[in-house]
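In what follows, a single structure is set out as structure tokens and then discussed.
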2 protein chains.
Amino acid sequence: MKSTHTTASRELEVGGEPIVEELTATFTDAVARLYRRLRAERGGDQMGESQRSVLKVLVGEGPRTLRELSEHEHVKPPSMNQTVNSLEEAGLLARTSDPSDGRKVIIAATAEGVTLIEETRRRRNEWLSLQLDSLSAEERRTLEAASKIIVRITNS
Amino acid sequence: MKSTHTTASRELEVGGEPIVEELTATFTDAVARLYRRLRAERGGDQMGESQRSVLKVLVGEGPRTLRELSEHEHVKPPSMNQTVNSLEEAGLLARTSDPSDGRKVIIAATAEGVTLIEETRRRRNEWLSLQLDSLSAEERRTLEAASKIIVRITNS
DNA sequence: GTACACTAATTAGGTAACCTAACTGAATTG
DNA sequence: CAATTCAGTTAGGTTACCTAATTAGTGTAC
């Protein structure tokens with residue numbers, strides 16, 4: 001530790017009230033670090049986070065069009081097209097054209113896709129499970145509450 | 001909503017105690033979504049999250065070797081080399097060889113790099129700041145506590 | 001009923017951030 | 001002093017995003 005400190009030692013809160021600017025920086029860093037770590041630690045199935053997220057939507061909420069998926073994941077249609085392509089190649093979803101509107105393409109999980117999501121659900125992210133397991137019950141409740149807040153934020 | 005529901009409606013906890021397996025899935029999804037959203041929403045400076053994270057370490061904790069940086073960020077040396085290259089090209093850090101060990105390269109932030117980190121610190125991630133601003137003080141405390149837990153987890 | 005605009009999906013080409021494998025040169029060890 | 005190890009780098013590949021441009025179906029206006 002040199003004397004070049006400029007950020008690490010600043011106050012994060014005043015009287016128990018986190019300062020939004022500080023929280024933004026801290027929170028961004030924490031989330032970015034964890035995301036990279038999750039990507040690095042993921043084992044077993046060779047699906048990426050994006051692919052898995054899309055398949056999970058299809059399995060959990062039923063068929064969707066490309067545009068619907070791209071909006072749900074906050075991604076542009078061509079990006080979602082690529083993700084869908086790779087899942088299609090892997091046989092985890094199938095495209096059928098909408099009979100009532102020839103422009104639309106209905107994207108649905110195949111039986112294989114459903115099976116894969118269900119099977120890998122509990123086995124994935126062993127590293128994170130280990131970490132969470134080592135936390136106190138209160139810390140887990142904190143993360144659970146935070147997860148709910150995060151999902152709410154990202155959907156707004 | 002079809003009857004194809006398989007995951008969305010499962011219990012997340014029992015008597016206030018989150019189940020680790022469920023929390024792993026929920027938390028992973030939340031973090032992945034937020035990370036993608038942050039990447040999509042980031043404006044202004046054209047530095048990526050990885051680059052900024054490295055520069056922040058150099059500014060806040062002083063010079064490091066390539067290996068040290070790669071270990072700190074949980075990334076392989078060639079990946080870190082690329083990140084360092086782009087920061088070097090932008091004039092935000094400089095390399096000097098270690099006088100006591102010719103194999104090592106000391107990487108340090110330039111004055112420009114220090115300035116940039118300090119200046120952009122508060123202006124970045126406007127979108128997230130807005131979201132955090134709209135939360136209650138208690139929700140912010142939850143996220144702050146979660147951030148600390150996340151940082152601890154990722155460093156272990 | 002043909003022309004025009006709008007929309008959905010896709011293709012092409014580019015970028016950022018990771019990876020593995022293979023190489024260079026410096027330091028250490030038998 | 002030869003062999004090994006170690007730090008950094010180069011080359012080439014992958015995933016997941018982007019913008020711009022294209023194809024094709026739909027609906028509307030004359």
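Hydrogens, waters and symmetry mates play no part in the numbers below; they use all other heavy atoms, side chains included. Residue numbers start from 1 in every chain, and the chains themselves are labelled A, B, ... in the order their sequence lines are given, proteins ahead of strands.
Rounding to the nearest 0.5 angstrom, the gap separating the CG atom in A/L23 from the CG atom in B/L132 is 5.0 Å.
Salt bridge B/E139/A/R152: present, at least one basic N to carboxylate O contact under 4.0 Å. The pair A/E144-A/R140 does not meet the salt-bridge criterion, since no charged nitrogen lies less than 4.0 angstrom from a carboxylate oxygen. Look at B/R103 and B/D98 and you find no salt bridge, because none of the NZ, NE, NH1 or NH2 atoms lies under 4.0 Å from a carboxylate O.
Side chains of B/T28 and A/L38 form a contact here, defined as non-hydrogen atoms less than 4.5 Å apart.
Within the structure, the ring pair (Phe, Tyr, Trp, His ring centres under 6.0 Å) test picks out the following pairs touching residues 17-39 of chain A (sequence neighbours left out): A/Y35-B/Y35. The ring pair (Phe, Tyr, Trp, His ring centres under 6.0 Å) pairs that include a residue from residues 49-71 of chain A number zero, where partners must be two or more places apart or lie in different chains. Screening residues 76-94 of chain A for salt bridge (charged side-chain N to carboxylate O under 4.0 Å, His left out) gives A/E88-A/R95 as the qualifying pairs, with residues at least two apart or on separate chains.
In this structure, B/S86 reaches neither bases nor backbone, as no heavy-atom distance under 4.0 Å exists between it and the strands shown.
Heavy-atom distances under 4.0 Å link DNA chain D to A/D101, A/G102, A/R103 of residues 94-108 of chain A, given in residue order.
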Show each protein N/O and nucleotides 17-19 of chain D N/O combination with a separation under 3.5 Å, one pair to a line.
| unit_1 | atom_1 | unit_2 | atom_2 | d |
| --- | --- | --- | --- | --- |
| D/dC17 | OP1 | A/S50 | OG | 3.4 |
| D/dC17 | OP2 | A/S50 | OG | 3.0 |
| D/dC17 | N4 | A/Q82 | OE1 | 2.6 |
| D/dC18 | OP2 | A/K76 | N | 2.9 |
| D/dC18 | OP2 | A/S79 | OG | 2.6 |

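Proximity of B/N81 to the phosphate of D/dG8: no side-chain N or O atom is located under 4.0 Å from OP1 or OP2.
In 5' to 3' order, the nucleotides of DNA chain C bounding all contacts with chain B (an atom under 4.0 Å from a heavy atom) are C/dA17 to C/dA27.
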